[in-house]
Protein chains: 2
Amino acid sequence: MFTQAEENYLKAIYALENESSESISTNNIALKMETKASSVTDMLKKLAAKKLVEYKPYKGVHLTFEGEKVALKVIRKHRLWEYFLVKKLKFSWDSVHEIAEQLEHIQSDDLVNSLDAFLGFPKKDPHGDPIPDKDGIVVSNTSINMLGMKVGDVGVLNGVKDSTDAFLRYLDKKNLALGDRIKIIDIEPYDNSVYIETKTHHMSISKHVAKNLYLKNKK
Amino acid sequence: MFTQAEENYLKAIYALENESSESISTNNIALKMETKASSVTDMLKKLAAKKLVEYKPYKGVHLTFEGEKVALKVIRKHRLWEYFLVKKLKFSWDSVHEIAEQLEHIQSDDLVNSLDAFLGFPKKDPHGDPIPDKDGIVVSNTSINMLGMKVGDVGVLNGVKDSTDAFLRYLDKKNLALGDRIKIIDIEPYDNSVYIETKTHHMSISKHVAKNLYLKNKK
DNA sequence: ATATATTTTTAGACATATCTAAATTTAAAT
DNA sequence: ATTTAAATTTAGATATGTCTAAAAATATAT
């Protein structure tokens with residue numbers, strides 16, 4: 001159906017879309033795939049011609065519905081095989097990625113679904129990532145409140161409790177937006193304020209504000 | 001290590017070498033692989049450069065020790081995966097070939113050996129073909145005496161009990177040679193003589209002679 | 001033994017996927 | 001608003017594996 005190269009690009013774009021809500025650039029993809037930007041451009045044209053991605057030169061790319069379906073299928077296979085390797089063949093959870101990178105490209109719906117049944121329809125792979133079901137439905141990582149996070153945790157800002165203009169204006173002023181990747185650097189025991197790092201800056205967030213922010217676990 | 005295409009050629013050449021002892025021609029391979037003779041020539045040059053086959057233009061080809069090792073590894077994987085599909089995933093034995101054709105190219109010694117252990121070190125795949133062990137040792141199809149064969153059986157002449165010059169001259173005269181593919185057409189109940197078919201002719205073999213001929217099962 | 005047929009190889013083309021280096025577009029900075 | 005820098009795309013090259021059509025080698029037949 002699709003080549004391994006095509007599948008790998010779709011998987012990478014899917015991952016980038018879920019890591020942050022910024023639009024996906026050629027360089028982003030090149031970095032993630034350890035290849036050159038010019039190779040990415042070539043492939044994006046090919047994927048766009050097949051209507052798997054929406055691609056505007058110089059303007060970035062995003063998956064179409066069809067492209068996401070393909071990506072999810074590959075991810076489903078990857079995670080099911082990882083589960084098989086760890087639970088049945090007794091591999092350690094940190095040694096299965098490379099092998100799953102190969103197995104994820106085996107083409108057979110029967111195989112994937114039989115494997116799924118054989119494993120007892122697991123919901124998560126050995127790394128804790130959710131396994132899409134046969135219709136491509138992923139149990140999305142539930143958002144958690146920033147107050148519940150620990151130092152070192154990373155998440156993507158994906159919701160607010162307080163959605164008043166005042167609060168949103170405050171976020172604007174602090175240069176925080178939905179989709180931003182946030183890392184918890186420190187939590188001040190004295191007042192429960194949270195010191196965070198974003199892609200561009202560091203800042204301190206009061207307990208009151210933290211209570212109003214929801215983050216999705218980064219995969 | 002080797003590309004899928006290379007592995008598929010090695011596997012095909014291995015199979016041809018075991019089907020008959022005639023030297024393997026470009027066309028033989030092209031037919032088995034459903035490709036063109038010119039493509040085969042190209043690949044044979046590549047495999048010869050890597051010392052996986054011995055290739056003399058216009059004169060045919062045969063596997064080197066190294067090439068046979070690679071072929072046996074691929075066959076081992078193919079048969080182990082077939083066993084897995086049938087015994088664990090409940091596929092029917094006649095529906096697993098295509099999937100195994102893909103799985104046989106997954107590269108990981110750890111994976112193959114863990115799978116082997118998980119399956120309980122099976123000796124034969126669901127079609128009855130022997131599974132090479134991790135050192136590439138195949139339990140060769142044991143030779144059976146022609147007298148023990150039934151009508152319809154096929155085998156390759158691979159040994160004689162009587163190795164006197166007189167008997168070998170007799171075989172020469174009858175145009176029978178080691179490596180010849182032989183099919184049992186009829187067995188005469190009256191005198192236990194065997195009517196056989198070879199690639200080029202038909203003939204009747206007396207019970208006395210049949211007793212002195214050993215055949216290897218054709219895979 | 002020479003003509004004919006078959007097999008095999010070569011030559012040149014194409015598709016996929018990649019790269020380097022140059023050109024172009026967009027973003028940032030003064 | 002220009003210049004400078006960074007990101008992106010294009011152009012041209014390479015490697016793999018395949019094909020068609022033509023040339024060369026081998027086998028077959030009279």
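Chain identifiers are assigned alphabetically (A, B, ...) following the order of the sequence lines, protein sequences preceding nucleic acid strands; residue numbering begins at 1 within each chain.
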Between C/dT16 (C1') and A/Q4 (CD): distance, integer Å
13 Å
Thinking salt bridges, do A/R76 and A/D116 make one under a 4.0 Å N-O criterion?
yes
Distance, rounded to the nearest Å, where A/M1 contributes CE and C/dT16 contributes P
16 Å
Does OP1 or OP2 of C/dT10 have a side-chain N or O of B/K45 closer than 4.0 Å?
yes
How many whole angstroms separate atom CG of B/D42 from atom C1' of C/dT8?
12 Å
Report yes or no: is the cationic atom of B/K73 (NZ for Lys, CZ for Arg) under 6.0 Å from the centre of the six-membered ring of B/F2, at an angle within 45° of the ring normal?
no
Side-chain N or O of A/N27 closer than 4.0 Å to phosphate OP1/OP2 of D/dA6
no
N/O (side chain, B/T41) to phosphate O (OP1/OP2, C/dT9) under 4.0 Å:
yes
B/K36 side-chain N/O to D/dT18 phosphate OP1/OP2 under 4.0 Å:
no
From NZ of B/K56 across to C1' of D/dA25 the rounded distance in Å is 16 Å
Between P on C/dT8 and CD1 on B/I24, what's the gap in Å once rounded to a whole number?
11 Å
Any side-chain N or O of A/Y9 under 4.0 Å from OP1/OP2 of C/dT18?
yes
Nearest whole angstrom, please: distance from the P of C/dA15 to the CZ of A/F2.
20 Å
Between C/dT26, D/dT8, D/dT18, which nucleotide has the shortest distance from any of its atoms to the side chain of A/K59?
C/dT26
Using only side-chain N and O atoms of B/Y58, determine if any of them is under 4.0 Å from OP1 or OP2 of C/dT10.
no
Knowing that exactly one of B/I185, B/I205, B/L213 qualifies, which makes a side chain to side chain contact (heavy atoms under 4.5 Å, CB included) with B/I196?
B/I205
Atom CE of B/M33 and atom P of D/dT18 are separated, to the nearest Å, by 7 Å
Ignoring backbone atoms, establish whether A/T3 has a side-chain N or O less than 4.0 Å from OP1 or OP2 of C/dA17.
yes
Measure from NZ or CZ of A/K46 to the centre of the six-membered ring of A/Y9, then state whether that distance is under 6.0 Å and the direction lies within 45° of the axis.
no
Shortest non-hydrogen contact from B/K77 to B/H105?
NZ-C, 4.2 Å
For C/dC19 and A/S39 - does any side-chain N or O of the residue sit under 4.0 Å from the phosphate oxygens OP1/OP2?
yes
Of A/P57 and A/T35, the one whose closest DNA chain C nucleotide lies more 5'
A/T35
I want to check one thing: is the phosphate of D/dT8, taken as OP1 and OP2, less than 4.0 Å away from some side-chain N or O of A/Y55?
no
Does A/K46 put a side-chain nitrogen or oxygen below 4.0 Å from OP1 or OP2 of C/dT16?
no
For A/Y55 versus A/A48, what's the shortest heavy-atom pair and its separation?
CB-CB, 4.0 Å
Checking all strands, does A/T26 fall into the base, sugar-phosphate, or nothing category for heavy-atom contacts under 4.0 angstrom?
sugar-phosphate
Please state how far atom CD in B/E34 lies from atom C1' in D/dT18, giving the value in whole angstrom units.
15 Å
Contact class for B/A37 (heavy atom, under 4.0 Å): base, sugar-phosphate, or nothing?
base
Distance-only donor-acceptor test, B/S38 side-chain atoms vs D/dT18 base atoms, 3.5 Å
no
